[in-house]
Every structure is written in structure tokens, then in C-alpha cells.
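Just so you know, residue 1 is the first one in the sequence shown, and it goes up from there.
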Amino acid sequence: MNRTLYWRPGAVQPQYELSGDLKRAIAHRYWGHDGGARDGDQCPLTEEDIPYLEDLAEKGVDGAAALSAAIREHDNRVVVWITGPADPPRKRS
């Protein structure tokens, strides 16, 4: 198998920010935590993820439908990740 080395500037800010609701909804599936961890590895999304995202959209999770559309529009080249300061633990009501 051939491997290719890629690079990107280190200080680039992400172009599209997604909702906190969507972050919390998908974090466990893709990163194994509740979305409050400091950083998450980049996770590529493909057409296989669309049914899951459409289910979240039907449940009213903000940003899920837009992310499904982005996957379709960008030929499965959508990558998501979490970055920034750690969220404080959420209080349960």
C-alpha cells in the first residue's frame, strides 16, 4: 500500500463551526467521550455516516442535516474534530 504525507499550516482556524448539541450527540460515537475533552483526532465522515446524522436531524439536533449535506457536497471529504479549551463538566438536572 502506498502512503502519502500531507501537511497543513498549524495555526489554521476551522472554517465551519458546528453546534454544541451536535458535538455532544456525536462525540461518544466518534471519540468515546461526551464532547468535553480538550481535543479529538480528526474523524472523516462518509456516506455511511449519513443515516446516523439524518436520524439526529429528525430528533432536532442542530447542525446534523447541514453536516449530512456537506458530506454529499464534498465527495466524502468531510472531516470533523473537537478542539479548544476543555468544557467544564455539565451539571445534570
Next on the checklist: Evaluate V80 against W31 for side-chain contact (heavy atoms from CB on, under 4.5 Å), listing each step before the verdict.
Outcome noted: CA-CA 11 Å; V80 294; W31 296 284; 3.7 Å; yes

When rounded to the nearest 0.5 angstrom, what is the spacing between [atom1] in [X] and [atom2] in [Y]?
X	Y	atom1	atom2	result
L22	E17	CG	CD	11.5 Å
E48	L53	CD	CG	12.5 Å
R29	D49	CZ	CG	6.0 Å
I82	Q42	CD1	CD	12.0 Å

Going by atom type alone, with no hydrogens or angles, which donor-acceptor pairs under 3.5 Å involve a side-chain atom of residues 58-73 and a protein atom two or more places apart or on another chain?
from : atom 1 : to  : atom 2 : distance (Å)
K59  : NZ     : D55 : OD2    : 3.1
S68  : OG     : A64 : O      : 3.2
R72  : NH2    : E54 : OE2    : 2.8

Item to check | CA sep, side-chain torsions, deciding dist, call: I26, L56, side-chain contact (heavy atoms from CB on, under 4.5 Å) | outcome: CA-CA 9 Å; I26 71 172; L56 291 176; 3.7 Å; yes

Checklist entry - Taking H74 for the side chain and N76 for the main chain, is one N or O donor matched with an acceptor at less than 3.5 Å? => result no

Checklist entry - Do you know the tightest heavy-atom contact between C43 and Y30? => result SG-CD2, 3.5 Å

